[in-house]
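All remarks here apply to the structure that follows.
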Amino acid sequence: MRSLISFPPFRRDVKLLLAATGLLAISFFGIQMLLKILYILRLGYGPEYLGLFNAAGAVGYMGMSLPSGALGARFGLTRVMFAGALIAALGMGLLPFTEVLPSWAQYSWPIITQVILSAGYAMYSINLAPALMVVTSPENRNSAYALSSTLRSLGTLVGTLFGGLLPGFFGLLLSLELSDPGPYRWALWLSALLALAALVPLVQLRRAEQNTQEPGETAPGAFPLWPVALLVLYVSLSQAASATCQSFCSAFMDTELQLSPAVIGVITSAGQFVAVLAPLSGPRLARRHGNGWTLMMATLGSAFSLLPLILLPTVLGVGVGRFGTLVLAAMWMPALQVYQMEMVERRWRALAYGAVSMAMGLSFGAISFTGGYVVASWGYTALFLLGLAVSTLGALLMWGMLRRPALAVAVGGTVR
């Protein structure tokens, strides 16, 4: 156990980046991810609109992925991260104004705010990965990325638990029913204020530049199109199971199982609790098997985590499924970041990670957009089967990439 929680020393900038990541996770991954879906449902929208709403977020993230990498290279990673966190907080605060807008604007407003929120977070997260690469050393790199994922999961856990209680608190305070949008409106505004706290460590960062050449690094070559294209395809497929549960598990618990927001928050938080510690096993797994193997197994495990939702559509089944997808997603992300950062030269890291992040957005967008129509036409079981099948294909692709590493590694890069 000690090997899982013992980390090499980090520089001050690493600690500031980790602090900002944890604070932003409380609001973005915790309160917002839980309550904005319930808020949309309280406004009277059905699964088709919910799918469109979630897809808009994925489109915003995807559309800003490549520009975020270019902006980071042009203006500095930390400056763009600060701007992104600020824009994300703005998007959070704009959503609850839906109710006071004219009726003709109420349909499109949530979608617009979702795009703003996701585009801002893309600016932050896409530049975070190369920023961590700059301020860490090969000896503590895996540990830094694992700890970043752990703090993101911890922030999500705190935000989910806190967010699940907020509607009840505001409902009691304002004498409103939980079936009304009012309690959720005030909770979402509070989450926007909490997101601004992430700006405090970011403003103290030194500029994390990426234009200096690493020791032993050769002159930069052309952009590694083929290896990055393979990785983009893998990410697009592998995220299907996680995207399915993230986009629709809360709606499934709310509409099909008739669970209260507090219970939904507790079920989601149970997975987040273990997800806090799960990434800490990543550095040891990477040393033993490599980051590629970790990605393959996490993808396969995430796919089969949807089986309980298919075979046992009850509180127990959704609890097990949500638990599995959350825990394995927490392990998957740091392994992906290190795998991708090490496979390309320094010059192309931000742009390559932008392409990979665009693939994540594409996966979430496709699942969210089509998922609402799949649910409306064939039910949640068909949707969960779709997520399982697509992620299994992703695991098979990574297996092929590991068998033929020459096809998946850029010149000058090394992956483990």
Side-chain angles (χ1 to χ4, degrees), residues 10-33 57 60-95 112-136 144-145 147-152 154-156 158-159 188-212 333-334 337 341 346 349-354 356-358 360-361:
F10 297 121
R11 293 167 50 183
R12 175 178 177 273
D13 282 354
V14 178
K15 297 175 183 177
L16 290 172
L17 286 171
L18 295 176
T21 298
L23 289 170
L24 198 57
I26 294 175
S27 182
F28 182 82
F29 288 110
I31 301 174
Q32 283 283 320
M33 287 295 184
Y61 189 92
M62 181 177 61
M64 199 60 195
S65 294
L66 288 175
S68 293
L71 287 171
R74 173 65 179 84
F75 298 104
L77 301 172
T78 53
R79 289 179 178 177
V80 177
M81 289 169 63
F82 182 91
L86 187 60
I87 293 171
L90 175 65
M92 294 177 192
L94 289 175
L95 174 60
I112 293 171
T113 64
Q114 183 78 327
V115 171
I116 295 172
L117 167 60
S118 300
Y121 189 74
M123 293 172 65
Y124 174 83
S125 64
I126 288 169
N127 287 284
L128 171 66
L132 275 176
M133 196 75 176
V134 171
V135 297
T136 55
Y145 281 94
L147 192 53
S148 174
S149 184
T150 293
L151 290 174
R152 184 168 55 244
L154 179 60
T156 306
V158 172
L188 290 171
W189 272 331
L190 179 60
S191 74
L193 291 176
L194 291 174
L196 295 176
L199 300 178
V200 176
L202 288 176
V203 80
Q204 301 178 57
L205 279 168
R206 304 181 184 91
R207 293 184 64 187
E209 301 298 349
Q210 56 176 351
N211 55 4
T212 57
M333 180 58 76
Q337 290 173 332
M341 290 294 152
R346 172 184 287 237
R349 283 172 184 163
L351 187 59
Y353 192 62
V356 169
S357 297
M358 185 173 66
M360 284 187 265

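FYI, the numbering just counts along the sequence from 1.
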Worked verdict on Ile31 versus Leu190 for side-chain contact (heavy atoms from CB on, under 4.5 Å): CA-CA 9 Å; Ile31 301 174; Leu190 179 60; 5.7 Å; no
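Rounded to the nearest 0.5 angstrom, Leu132 CG and Asp13 CG are separated by 10.0 Å. The OH atom of Tyr121 sits 10.0 Å away from atom CD1 of Ile126, with the distance rounded to the nearest 0.5 Å. Rounded to the nearest 0.5 angstrom, Met81 CE and Leu199 CG are separated by 11.0 Å. Summarising the geometry, atom CG belonging to Leu202 is positioned 9.5 Å from atom CD belonging to Gln204; distances are rounded to the nearest 0.5 Å. Here the CG-CE distance, from Leu71 to Met123, works out to 6.0 Å after rounding to the nearest 0.5 Å. Here NZ of Lys15 is found 12.5 Å from CG of Leu151. Values are rounded to the nearest 0.5 Å.
For Met358, the side chain to side chain contact (heavy atoms under 4.5 Å, CB included) partners at least two apart in sequence or on another chain are Met62, Ser65, Leu66. Evaluation of the side chain to side chain contact (heavy atoms under 4.5 Å, CB included) rule for Thr113 yields Leu94, Leu95, Trp109 as partners, not counting sequence neighbours.
Side-chain contact check for Leu86 versus Leu90: every heavy-atom pair is 4.5 Å or farther apart. Considering only heavy atoms from C-beta on, Tyr145 stays 4.5 Å or farther from Met333 through its side chain. Two residues are said to be in side-chain contact when any heavy atoms from C-beta on lie closer than 4.5 Å; Met92 and Leu188 fail this criterion.
In plain terms, the two heavy atoms of Ser68 and Val80 that are nearest each other are O-CG1, 4.4 Å.
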Got a list of side-chain donor-acceptor pairs under 3.5 Å for residues 16-29, not counting sequence neighbours?
from  : atom 1 : to     : atom 2 : distance (Å)
Thr21 : OG1    : Leu17  : O      : 2.9
Thr21 : OG1    : Tyr124 : OH     : 2.9
Ser27 : OG     : Ser191 : O      : 2.5

